[in-house]
Amino acid sequence: QISSFLSDIADEYKITVVRSLHRLCFTYPAKHRILVGFMSNFLREEGGFEFKKTIVKSIISLIRAVPETAESSLLHLCEFIEDCEFAMLSTQILHLLGELGPTISAPSRFIRFIYNRVML
């Protein structure tokens, strides 16, 4: 229900919802897969820079605070940069991949995403 509601409201209200989801992730870290998955769905939808930046910032802060979220969250961010229209966000995610990628259990999963972005 929230998904269809969010597509109809302005970005400033979407940002408020994302910030609330961010707080929920810290309150219930065991539910991070559901909440990060929900936020990452909105990375693929229409939205302005501030909205997408808020989602990326929330996911990154969750990765740093709850390390067990790193692998699944990085994969969501990698999917986003495959078709990202904001160079600043792509660069930020690539930097994060370079920083955290080698510490993940299967770092080779991220090589394709890095290579695709560097080549483009």
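None of the values given here were measured: they were computed from a predicted structure. Counting begins at 1 with the first residue of the sequence.
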Could I get the full list of salt bridge (Lys or Arg N to Asp or Glu O under 4.0 Å) partners for Arg19, not counting sequence neighbours? none
Examine distances only and state if a side-chain atom of Asp11 and a backbone atom of Gly47 form a donor-acceptor pair shorter than 3.5 Å. no
Side chain of Thr103, backbone of Leu100: donor and acceptor closer than 3.5 Å? yes
What's the shortest heavy-atom distance between [X] and [Y], and which atoms?
X	Y	result
Pro102	Pro107	CA-CB, 4.1 Å
Leu94	Ile114	CD2-CA, 4.0 Å
Ala65	Phe26	CB-CE2, 3.1 Å
Leu62	Cys25	CD1-CB, 3.7 Å

When hydrophobic residues are tied together by side-chain contacts of less than 4.5 Å, even through go-betweens, does Ile15 share a cluster with Tyr13? yes
State the [atom1]-[atom2] distance between [X] and [Y], to the nearest 0.5 angstrom.
X	Y	atom1	atom2	result
Leu35	Ser20	CG	OG	11.0 Å
Leu77	Leu96	CG	CG	7.0 Å
Ile81	Leu97	CD1	CG	5.5 Å
Ser58	Arg23	OG	CZ	9.5 Å
Leu21	Lys14	CG	NZ	13.5 Å
Cys84	Arg44	SG	CZ	13.0 Å

Partner residues of Tyr28 under the ring-ring contact (aromatic ring centres under 6.0 Å, His included) criterion, sequence neighbours left out: none
Counting C-beta onward and ignoring hydrogens, is there a side-chain heavy-atom pair between [X] and [Y] closer than 4.5 Å?
X	Y	result
Leu43	His76	no
Ile63	Ile59	yes
Phe86	Val56	no
Phe49	Leu89	yes
Val36	Ser72	no
Glu71	Leu74	no

Under 4.0 Å between a side-chain nitrogen and a carboxylate oxygen: does that hold for Arg64 and Glu99? yes
List the steps, then state whether side chain to side chain contact (heavy atoms under 4.5 Å, CB included) holds for Glu50 with Lys53. CA-CA 5 Å; Glu50 287 300 319; Lys53 183 175 101 174; 3.7 Å; yes
Please state whether the rings of Phe42 and Phe38 are parallel, tilted or perpendicular, taking 30° and 60° as the class boundaries. perpendicular
Candidate pair Val66 and His32, rule side chain to side chain contact (heavy atoms under 4.5 Å, CB included), full reasoning: CA-CA 9 Å; Val66 185; His32 75 273; 5.5 Å; no
Exercise: do Glu79 and Ser40 side chains pair donor with acceptor under 3.5 Å: no
Test Phe80 against Ile55 for side chain to side chain contact (heavy atoms under 4.5 Å, CB included), laying out the working first. CA-CA 11 Å; Phe80 171 59; Ile55 294 172; over 6 Å; no
Can you list the steps and then say if Gln92 with Ile60 is a side chain to side chain contact (heavy atoms under 4.5 Å, CB included)? CA-CA 10 Å; Gln92 183 180 9; Ile60 290 172; 3.7 Å; yes
